[in-house]
There are 2 protein chains.
Amino acid sequence: MKLHFLTKHKQTILYGISLAVLLLLLKWLEWQLLIFHHALEIYIGAIALIFTCLGIWLALKLARPKVTTVVIEKKVPDSGDPFTINHRELEKLGLSNRELEVLQLMAAGLSNQEIAARLFVSLNTIKTHSSNLFIKMDVKRRTQAVDMARKLRIIP
Amino acid sequence: MKLHFLTKHKQTILYGISLAVLLLLLKWLEWQLLIFHHALEIYIGAIALIFTCLGIWLALKLARPKVTTVVIEKKVPDSGDPFTINHRELEKLGLSNRELEVLQLMAAGLSNQEIAARLFVSLNTIKTHSSNLFIKMDVKRRTQAVDMARKLRIIP
DNA sequence: TCTAAAATCACCCTAAAGTATGAAGACAAT
DNA sequence: ATTGTCTTCATACTTTAGGGTGATTTTAGA
């Protein structure tokens, strides 16, 4: 039981010991201060330095690592079919017809102005559609939207 | 030049100002110490606390975030072609290494600002690279460039 | 060593993209 | 009839992209 406790909390115990050593060091520094009365600035500086390092160390040790999810497409050899639309992903996004059209024209490299002309609507309409589809796809830019759409096989 | 310096080093300047404020605070604390002579422990404690926080803050701000990558494999029907770079087309375009890098990051949906950060160069540099590659590829926009690059099999 | 291409950066300016908000008509479902 | 979504459009504003120019520094080759 005791041994298990030791092994399990080895980390914590080590931290505790380190802290104790640190406090001893501070006490020693304080004692030094009594001898060299004009070393206050040095003492303060040392304290600052030590605790800055402590803070950095704490942050690095304890901060939870950021988790990023990366979708990697595993290619599966498949017969001839070059491209089939992934209807499941498409429905999951909830894009409307018009938004999908705009997305496809974006992927072809058209500007909003050109898309508007192609679809016989105003530039503002295209901006609205694009903004909405960016929100639905959770992206910030058209290039991201196109990239994601390709990865999800929504567009060729 | 000056304005750009201000905007680019805004972060750094803010850090500097924060540090200055912190030092002022310390001076003030020191002055307090002269009045309440028995507050040394409190003073030291405050220093320790402040600099621990500073350390934590520094670490969180400046340390590159640890990234744990969670890979989710996603099966995608593939036409048996595992993408081979078309070196002939690539040479025909005459893109430089850096320009190709920028193009690839564009295709991943990054903004010029993000590309600059990724490649550790300035925004202006990325703009220059992108302009040059647009000329070489004879396109007008990044979206067109990405589309053409995919069609020419220069990027996946 | 000299040179040409590549890479870097800055400044100014315009164009395009994107954000936020509001609104109105069409149309299907309840 | 009311509700909700889609589509359309506008206005105002901010941010990003892109064009043009000029410059310095690296780097690789003749």
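So that the names make sense, note that chain A is the first sequence line, chain B the second, and so on, each numbered from 1.
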Atom-pair distance ([atom1] on [X]; [atom2] on [N]), nearest Å:
X: A/Lys136; N: C/dT19; atom1: NZ; atom2: P; value: 15 Å
X: A/Glu114; N: C/dA15; atom1: CD; atom2: C1'; value: 13 Å
X: B/Ile126; N: C/dA10; atom1: CD1; atom2: P; value: 12 Å
X: A/Ile115; N: C/dA16; atom1: CD1; atom2: P; value: 13 Å
X: A/Gln144; N: C/dA17; atom1: CD; atom2: P; value: 16 Å
X: B/Glu99; N: C/dT8; atom1: CD; atom2: P; value: 10 Å
X: A/Glu101; N: D/dT8; atom1: CD; atom2: C1'; value: 14 Å

**Message:** With a cut-off of less than 4.0 Å, is there a side-chain N or O of B/Ser96 near OP1 or OP2 of C/dA7?
**Reply:** yes
**Message:** On the nucleotide C/dT8, are OP1 or OP2 found under 4.0 Å from the side-chain N or O atoms that B/His129 carries?
**Reply:**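 Indeed, a polar side-chain atom of B/His129 lies that close.
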**Request:** Side-chain contact test, heavy atoms from C-beta onward, threshold under 4.5 Å: evaluate it for B/Met106 versus A/Thr143 and give yes or no.
**Result:**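 The answer is no, as the side chains (C-beta and beyond) never meet within the 4.5 Å cut-off.
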**Asked** Quick one: does B/Glu101's side chain get under 4.5 Å of B/Arg98's, heavy atoms only?
**Response** yes
**Request:** List for me each residue that meets side-chain hydrogen bond (donor to acceptor under 3.5 Å, both in side chains) alongside B/Ser130, sequence neighbours excluded, and say none if there are none.
**Result:**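 Not a single residue meets the side-chain hydrogen bond (donor to acceptor under 3.5 Å, both in side chains) criterion with B/Ser130.
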**Item:** Heavy-atom pair of closest approach, residues A/Leu95 and A/Leu133
**Value:**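 Heavy-atom minimum between the residues: CD2-CB, 4.0 Å.
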**Request:** Between protein and nucleotides 9-30 of chain D, map the contacts as a letter string: B base, S sugar-phosphate only, - none, heavy atoms under 4.0 Å, written 5' to 3'.
**Result:** BBB-----BBS-----------
**With B/Lys136 via salt bridge (charged side-chain N to carboxylate O under 4.0 Å, His left out) - residues at least two apart** = B/Glu99
**Asked** Under a 4.0 Å N-O cut-off, is there an ion pair linking B/Glu114 with A/Arg141?
**Response**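 Salt bridge present between B/Glu114 and A/Arg141.
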